[in-house]
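Notes follow the structure.
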Amino acid sequence: MTVRKALSAFLALTILISSVLFSYPLGVSAEEENRVTAQTDAAVTQGDYGYCYVYIDDASMLASLSVSVYYDAEKIEAADSYNQIACSFYDSSSTDGCIQYTYLFQGEGSSSKTALFYFSYRVKDDAAIGDTFFDIVINEAYDSALNIVPVSGSRTNFTVKEKKQILNCYVYGNSYVYSSINNEFTVSYSLSTNEIAAGSVLIQYNSELFEVTDVNAGDFFDNKSVDINSNLIGAVFVSFSGTEYGSSTQFLNINFKVIKNTDEQSAIKMTVVELYDLERNKIIGSSTETSVFLILDPSYKGDAPSMSVSTQYVEPGIIVATVALEKDSHLGAGDFVLKFDPSVLEYASLYKGLSPDYFIINEKNIASGELKFSIISLADITEASNVLVVIFNVKHACKGATTALEISGSQLSDSLTNPIVLNFRGTNTVIPPTDTYGDWKVDIAPKCESIGYESRFCTICNNIQVREIPALGHDMKPTQAINPTCTTPGATAGEKCSRCERTTGAIIPALKHDLTQVPAKAPTCTEIGWNAYEKCSRCSYTTYSEIPALKHDLTQVPAKAPTCTEIGWNAYEKCSRCSYTTYVEIPALNHDLTQVPAKAATCTEIGWNAYEKCSRCSYTTYVELPALKHDLTQVPAKTPTCTEIGWNAYEKCSRCSYTTYAEIPALKHDLTQVLAKTPTCTEIGWNAYEKCSRCSYTTYVELSRVEHKYTSQVVKPQFGVQGYTLYTCSVCGYSYKDNYTDALTYIPGDIDGTGAIDATDAGMILKYITGHDVSVVEAALDFNGDGKVNIRDAATILLYLDGKDVALN
């Protein structure tokens, strides 16, 4: 009941919107063809899936639409379908060979090409090779006034391609291997066929247990380009491509070395990534695993050379750490990390003890207590060496501390990239407490009347001591009299302190300037000028400020080519302030005349008399002769028939080939398939036949009727329908009625028998005509009284509820 109320409210809102929107003018003119088309892949392989999209050229005029898509069910299996257009209501149904969509629109359809719906489909494995189709058929199309809207269907062809046989390739390798620390073993791979042109494989192994020492390509790779990448961590990747098949199925031999002394089982797995034959058909490849059983060697001591770190407390607050490498390490490359406690030690500097081909220091994480460095040597390092010397400052060394330094490494190999093993050893360092102060330094110097301060720092922990310095007192010296000037005061004889400004002499004020006014002079393009200024008669004081010569204020005048009637000039400069210019005149050229012959006017083109024109300018004596226009004759229209072409009324010119003639192709028969009808006792029958809706063409053949054999059935009265006794012929199904009883009262359009007509009844009609199992008052279905139950009855109910004047049953 809740669903029905929701549908009723939704359709009522749709009616309100439609009553406004459906009053808009239609978007397609009578001359244009509105089509529903389908789009899918040009070819689909047997067994593969595809998508078909259904579009309408113009949906702006539609109030309702019913569309069917027909296909060959012996070749195609339709799957899910999805609506894509905005509408007030839609319903869909699907049977073998047909998908149907029915719509009621809100009146907001686009006038441009719009997707209605799409569906997925699968081409059957045994579908016949060749062309097949999707046929679009328009069942009904109405506008808001229930007028039929001309919408045509279409056919979309596509090709069913043969499914290629899937090829398989099996990979063979060692089933199992037994090995132990520092021993080597080989895993050999072969393929079940050599008819492979291109592809790639991945061999995966545990890099903590094994290392790859060698990879050899087999005869399978003859006449192929192959790339083997064995530098990956825990993997070997092989890719290849060629234009010919190799001579063998022998694929790869990979040598592994055991690098861990352990008792465990591991697997080396080859996986086929992709394989193709010469025609680039995909080949399905298998994978294979080799089980490796590692046996613990109790005699293995792990006596690999070491890289160690040691420290030395060289002076208060300084620690020197040395990273050393034992002999016979055969180090060729590696990444290393020296770790320290940044709360105890502060990195200061370092010195490299080795000179390999590359020695890279990375101080990025030094604040976090990590000093990283990388070494690459093109020759193995076999001598014992100090690798690195690192100097640290000790934080808070006065208190003493114990701190650890650790060294570690990764990606270790010799100079030929073969992996090596090093033992890494760190150290613990004890830092004794120390308390040492430096010399006193003056921070604030004492003055004649104020004290000063000095301090000294502990060189280990930076602790500070501060003390006062007494005031100095004045150091008075005798002074001579000083004459005043324009800007400085003078003084009488007396005493003055040598360290400060204290004095006993009397101040004589400055004289000030004896000024003379000088008038301004404006600068010119070539001479300097100045503003009005003052100067003193006693000293060099002046407010004089030179204004530089302005230089020419040049304007660039572009060149002007001379024309036939006007002079020209080259590009030149001129000054906006004076008469300076570089102008040079170029005389006028006069006309360069060409004679043009006359041309007679035609129906569509102008003509002219013979005239002159200048090759350099627009001068001409040209006089246009207007086009004659067509001398038209009217030809009446001819309507096409099923077998003959036609044309619209058109015009043709008596002077030229102009015509508006447009051929209308012969219509071909508009065939309707009529199902066979078995003759009954009262009616003739016929075989299935075709008939044309436009002409008398038909394949109809009549079949004679047979005799009746009746059985009786009492039918109870329903809403709006009388009860009766039904006599039915068991031979042909013909029936007649008698013994009528009064009909139950019903309302036309009250489909659900609620006693009222509402939007729910329109929805019930849509579900009924699209094949849903719904309970309806069948006598009330034909609301518009045209003898049919279709989408037009649903649309008529909506118009009736909206107050429109519609014809009712």
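The model shown is predicted, which means the values in this text are computed figures rather than measured ones.
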Looking at T417, is its backbone amide N or carbonyl O close enough to the side chain of D414 to form a donor-acceptor pair, meaning the two atoms are under 3.5 Å apart? yes

Indicate, with yes or no, if the rings of Y49 and Y121 have centres closer together than 6.0 Å. no

To the nearest 0.5 Å, tell me how far E326 CD sits from S308 OG. 6.5 Å

Could you tell me the separation between the CD1 atom of I381 and the CG atom of D328, rounded to the nearest 0.5 Å? 12.5 Å

For F220, does the six-membered ring have the charged nitrogen or CZ of K224 within the cation-pi criterion, i.e. under 6.0 angstrom from the centroid and within 45° of the normal? yes

Identify which one of L412, L371, V387 satisfies the side chain to side chain contact (heavy atoms under 4.5 Å, CB included) criterion when paired with F336. L412

Steps toward side-chain contact (heavy atoms from CB on, under 4.5 Å) verdict (F210, I259): CA-CA 6 Å; F210 314 111; I259 60 174; 5.8 Å; no

Any side-chain donor near an acceptor of the partner, N365 and S368, under 3.5 Å: no

Among R499, K496, E449, the one residue meeting side chain to side chain donor-acceptor pair (under 3.5 Å) with H474: E449

With distance as the sole criterion, is a donor-acceptor pair present between the side chains of D219 and S248 under 3.5 Å? no

Evaluation steps, side-chain contact (heavy atoms from CB on, under 4.5 Å), between F185 and V258: CA-CA 8 Å; F185 60 89; V258 180; 4.0 Å; yes

Which donor-acceptor pairs under 3.5 Å do side chains of residues 187-195 form with protein atoms, sequence neighbours excluded?
residue, atom, partner, partner atom, Å
S188, OG, N253, OD1, 2.7
S192, OG, Y170, N, 2.8
T193, OG1, E195, N, 3.0
N194, ND2, G246, O, 2.7

Looking only at the side chains, is there a donor atom on one of T403 and D341 sitting less than 3.5 Å from an acceptor on the other? no

Compile the donor-acceptor pairs under 3.5 Å between side chains in residues 348-363 and protein atoms, sequence neighbours left out, one pair per line.
residue, atom, partner, partner atom, Å
K352, NZ, F359, O, 2.9
D357, OD2, L378, N, 2.7
N362, OD1, K364, N, 2.9
E363, OE2, Y347, OH, 2.9

Considering all heavy atoms of both residues, which atom of Q46 and which atom of I129 are nearest to each other, and what is their separation? NE2-CD1, 3.2 Å

Step by step, work out the salt bridge (Lys or Arg N to Asp or Glu O under 4.0 Å) result for E77 and R122. CA-CA 5 Å; E77 295 175 341; R122 179 180 177 273; 3.7 Å; yes

Under the rule for ring-ring contact (aromatic ring centres under 6.0 Å, His included), what residues qualify as partners of F119, not counting sequence neighbours? F134

Under 3.5 Å, side chain of T427 to main-chain N/O of L405, donor-acceptor pair present? no

Please determine whether side-chain contact (heavy atoms from CB on, under 4.5 Å) holds for the pair L388 and T322, giving the CA-CA distance in whole Å, both sets of side-chain angles, and the decisive distance to 0.1 Å. CA-CA 6 Å; L388 199 64; T322 302; over 6 Å; no

Without swapping roles, check the side chain of Y245 against the backbone of L278 for a donor-acceptor pair under 3.5 Å. yes

As an exercise, state the distance from NZ of K260 to OG of S207, rounded to the nearest 0.5 Å. 10.5 Å

Just wondering, do I407 and V337 contact through their side chains at under 4.5 Å, heavy atoms? no

